[in-house]
Amino acid sequence: MSDSEKRTDFVREIIKRDIETNRYGGKVITRFPPEPNGYLHIGHAKAICLNFGIAQEFPNARCHLRFDDTNPCKEEQEYVDAIIEDIRWLGFDWGEHLYFASDYFEKMYEYAIQLIKAGKAYVCDLSPEEIREYRGTLTEPGKESPYRNRSVEENLELFERMRAGEFPDGAKTLRAKIDMSSPNLNMRDPVMYRILHAKHHRAGDKWCIYPMYDWAHGLEDSIEGITHSICTLEFENHRPLYDWFLDQLGVHHPQQIEFARLNLTYTVMSKRKLAELVERKYVSGWDDPRMPTISGLRRRGYTPRAIRNFCKRIGVNKYNSTVDIALLEHCIREDLNKRAQRVMGVLNPLCIVIENYPQDKVEYLDAINNPEDPSAGTRKVPFSRVIYIERDDFMEEPPKKFFRLAPGREVRLRYAYFITCTDVIKDSDGNIVELRCTYDPATRGGDAPDGRKVKATLHWVSAEHAITAEIRLYEHLFTKEDPNDVEEGRDWTDNINLDSIKMINDCKLEPSLANSKVGENYQFERVGYFCIDKDSTQERLIFNRTVTLKDTWAKIAKRNNTNKNK
RNA sequence: UGGCCUGUAGUUCAAUUGGCAGAACGUCUGACUCUGGUUCAGAAGGUUCCAGGUUCGAUUCCUGGCAGGCCAGCCA
């Protein structure tokens, strides 16, 4: 599926129908309304692609970016900045339509007065505990507040004094007068305003009353002329209230549509849990490459195109499901295969001396930059008598189906020569420290004039020319597909994979990598996709492994291993 | 012993609105290959949650079950 291909879903079907019936004058205006209290994650990317994607697909459509900043206690400018950066990076644009709920506070206040005047809202003196008691339970109706029938004048005066700061936090609330016996708890006189003497990251000290989500959100949508207000499933129960407020006010009334949030195997997606991973130092920060955050994926080497494509493939639905993380990995491989420059890098070096190759000779061999993209051209790679290969590419006693180097066996060094292993050198503990090989000068470039074949082609790096780098290998952050699957008395943090990061220090890379920049994607041939981490310095390059290449041998080896252990 | 929502290959989604249940990912097999990558070809995989009903015909409509999700913040 290419980036430009469309895919329909129940949300788009609703919008199509509304356009056909001219429900909103043919207009389509969506919005992405993050609360700036954390970083965006791949689940948000699903919502972003949905809302901004719809805006791109339909005529007369646009998508607003609106910060739903109605709770000063949790929100910070740092998050606003990070969210803006992440959405831009994902490739979406809101034009001049950047909004903040806090800019609507005055307007919301006026609407509240309108509701009070209509006898549909009242100031309540019940404490939080009392409100809870009065609310009733899922199966029993609630009781009406003793303050429910205050006069309009008294409510108006009290509400004004709430705003003026005459009461302490929690002393009073403004509540909608709906139905304390509604089977939908949201309709049991929900709180519209609470008193909070807190400094807001944008409004400062201007307000000491703040609107609750249910009251604020519909108004934000209405004020901006949103036509389709797309949110996640847990707000389904809130839709009657969303509708009630807008109906009472008689204002523009968008359609709220709910869809299922994204879950991914081997990771967690709740903001609370991600924040906990950061706070308790299980990860290095919100942008740790193991995090499912947009910034974490970016640092890991994921591309916007891969993430967008992933969101397209998973679809949109109304039931909770968990997407196999293998699909995300497939999407990044698919994109990087087409675009990433190929290089040679040895993660775990094993030294080879090619005994019949001249001491001081250096040859510069042609290597293809990207077989998927001829326009990427070629480069020169230095070859000499002492090289490194991957330790995993040699076995002294090769099992069946192991095609790579072994004593007496001939393999090809990519773009270079055929070599044959003649000797294995070990230290006193029996560890292999070096290999001796001979090369066939007639196979220069990697082709044998006599047409003989080898079963394997290995990547390699000339020892004399190699640059040394640190490479960070990442595994899933959790050991279980569902991190929340825990026994009694344990919790999700018990499922954290303590080996999810492995740092390797003396990796040997071809010299062309010396000039690479942060974020650039490479394919280390036969190994995986890597990118330069921001922790890199002039002296020391650090690479993140984005994802491995598909590895048939690893699969066979794993199978052999499990069979052995049976 | 409340209300709302949802049940289709292992997973995520389709099925032109009542007309032969398909795709992608994953898995497995084979071909090709100077990446055990890519690409290509193929295979396995289904009681469409269950039971009734309407209909020539039901994944689709109706009824009743069952299972899962959400809701008792002055969070969003």
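Reminder, nothing fancy here: chain letters follow the sequence lines and each chain counts from 1.
On a pure distance criterion of 3.5 Å, a polar donor-acceptor pair joins the side chain of Arg404(A) and the base of G36(B). Contact of Glu372(A) with U39(B) (side chain to base): no donor-acceptor pair of N or O atoms is detected under 3.5 Å. Put simply, the side chain of Arg342(A) and the base of U35(B) share a donor and an acceptor less than 3.5 Å apart. For a distance-only test at 3.5 Å, the side chain of Asn237(A) qualifies as a donor-acceptor partner of the base of C70(B).
Set against G37(B), G69(B), C25(B), the side chain of His330(A) has C25(B) as its closest nucleotide. Of the candidate nucleotides U35(B), C74(B), U6(B), C74(B) has the atom nearest to the side chain of Arg135(A).
Atom CG of Leu549(A) and atom CZ of Phe524(A) lie 12.0 Å apart (nearest 0.5 Å). Note that CG of Leu365(A) and NZ of Lys380(A) are 8.0 Å apart. Values are rounded to the nearest 0.5 Å.
Nucleotide U11(B) holds its P atom 16 Å from the CG atom of Leu262(A), rounded to whole Å. Per the geometry, CG belonging to Asn320(A) stands 15 Å off C1' belonging to U11(B), to the nearest Å.
Trp460(A) and Tyr388(A) have their aromatic ring centers separated by at least 6.0 angstrom. A centroid separation of 6.0 Å or more is found between the aromatic rings of Tyr193(A) and Tyr109(A).
Pair check for U60(B) finds none; no Watson-Crick or G-U wobble contact set falls under 3.5 Å. G2(B): Watson-Crick or G-U partner is C71(B), with both key distances under 3.5 Å.
Here Phe403(A) lies parallel enough and close enough to stack on the base of G36(B), with planes under 30° and ring centres under 5.5 Å apart.
Using atom C1' as the reference point in both A24(B) and C56(B), the two lie 35 Å apart (nearest Å).
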